[in-house]
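Below, chains carry the letters A, B, ... as their sequence lines are ordered, and counting in each starts from 1.
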Amino acid sequence: MIAELPVAELRRRLRNEGLSLDCGLIRVRVRGDVPGFAEALQRLYGAFPLECANVFHDVTVRLERKRRWRDRLRPYVQFVLDGDAPFDALPAAHHLPMFEWGINWCVASRCHRYLLLHAGTVARDGLGVLIPAVPGTGKSTLTAALTARGFRLLSDEFGVVRLRVHRLLPLVRPVSLKNESIAVFARFAPEAVIGPTFHGTRKGDVAHVAPTPQSVAARAEPAVPALIVFPQFRKGARLSVEPVDAGLAFVKVSGNAFNYELLGERAFEAVARLVQSCRCYRVCYGELEEAVAAVDELLARAVQPLAVGQ
Amino acid sequence: MEEVGTVPVRWRIVLPDRVRIVRLDDAVIVFNPLSWQTHFLNEAAWCVFDALRSGPMTVDALIGECVEGGDGMTSEDRNEWTRILNAHLAELAAMGLVMRDDAVAA
C-alpha cells in the first residue's frame, strides 16, 4: 500500500518514474516535486496499492513548480497533462486541490464511453445510490458521511454510468469538502482520515477525506443503480424526504450530466433507464446523522418491488 | 382547412422509426434523432404526436382522434380546435418532430 512507502521513497518516485494510482475507472500516473504534495498524497491515497509503473495509464500528469517574475518569485504549481498545461498555475500551497481538480477535468473531458453525472455515488451490498446535485447542496458531505457509516465510496464527484449494461462504475478518489463542511464532517466522523486543509483556494477552504480501505479494495466492482437522492442541506432544517416523480427526475439527472448532449440517444436511454429502475427522492437535511439514516432506509425500501403508482 | 391545391395539408412525424419516446409517470419525453434534443411533451402535444404515429393526418383527422366528440361538433368549435391543434403542430414542428407533408415534396 502507498501508506507503507517511506515518504523519501515516495518523493523519489514522484520525481522519477511517477506514482501509479488505480482509481477503478482510470489509472493515473502522477509525477511532481512540489513541497508537501507527497505527504498529502500519501495520507489520502494511503489505502491504494503500490502499482508497477510500467503499466498502461489513462492519464499521465505532472505537478510542476513554477516561479513567475511578476509574482515576486512566489511559488506556483502547474498541472501538466500529457505534456500540456490546460489551466493557469495556482499557488504552490494548493498542490493537492489542483491535482484533484485536474483529474476531475480529465475525466469530464475524456471518459465519454460513459454517461457522466455530477454526482456522489456510494453503494451497499452491490446496490448503488446516486446523489446528483449542483455545488452547495451538500452532496460531498453526505457522500463522505455515508462512506463513514459503512457505505462503499464509488465517487464523490462523478456518477459514472456504464451505457447499455446499466451499472455504476467506481472512480475511487478522496472526497473533497469545502469550508464549514470540513469541521462538520470531522465532528461526525472523527475516525475518518482527513488530509490537510488548503486555505484560500478558488473554492474557499478545501480538505479531502481519504476513501475507506473497503472502498479502495472494491474499486473494480460496479454497483446496480437502485436509488437516486437529490440532497439539499439547510442549516438547522428538519429532515424531509419527498418522492420525486420520474419525469422530474429525468430533467434533474439529464441536466446534471456532463456529456448528455454529446452522447445523444445513448444518454437519453441511460437516463430513462436510471429513473425507471431507481426510486427517486429529495432529501432536505440539517443534520448529517438524520440524512444518513434516511438514505439507509430509502435504500432498504428501494430493493422492495415498486407498488403501482409509486 | 388549409389546402395545397385541392389536397388538404397532412402532418407527419419527421423520423417515425427513429424517434425515441419514454413515458415516465405523467411525463412524455421524446428524443429527436436529428437534432439530438430531448423534449418534454404536455398532454395535449403528446395526444397530437401520438395520433401521428399511426401515419400522416390532416388537422381534421387529428380533431377526430384527439378531441372527444370531434365528429359531431359545431363549425365554430371545429374552427377553435383547428386553431388549437395548429398551434400544437407548429410547436412540434419547431422542435423538428413533425412536418407538413407538402414540406417533403418541397
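Within a 6.0 Å sphere centred on CD of B/Glu80, heavy atoms belonging to other residues, nucleotides or ligands number more than 12. Atom CZ of A/Arg162 has 12 or fewer heavy atoms from other residues, nucleotides or ligands within 6.0 Å. Taking a 6.0 Å sphere around CG of B/Asp26, one finds it holds 12 or fewer heavy atoms contributed by other residues, nucleotides or ligands. With a 6.0 Å radius and a threshold of 12 heavy atoms from other residues, nucleotides or ligands, A/Gln232 has its CD atom above the threshold. Within 6.0 Å of the CZ atom in A/Arg110, the count of heavy atoms belonging to other residues, nucleotides or ligands exceeds 12. More than 12 heavy atoms of other residues, nucleotides or ligands lie within 6.0 Å of CD in A/Glu242, so this atom counts as buried by the packing criterion.
Taking each heavy atom of B/Val22 and A/Ala272 in turn, the nearest pair found is CG2-CB, 4.0 Å. In terms of heavy-atom proximity, A/Gly247 sits nearest to B/Ala27 at CA-CB, 3.9 Å.
Only the backbone of B/Val30 has a heavy atom closer than 4.5 Å to any heavy atom of chain A.
Annotation: residues 249-265 of chain A contacts chain B through A/Phe250, A/Val251, A/Tyr260, A/Glu261, A/Leu262, A/Leu263, A/Gly264, A/Glu265 [non-hydrogen atoms, separation under 4.5 Å].
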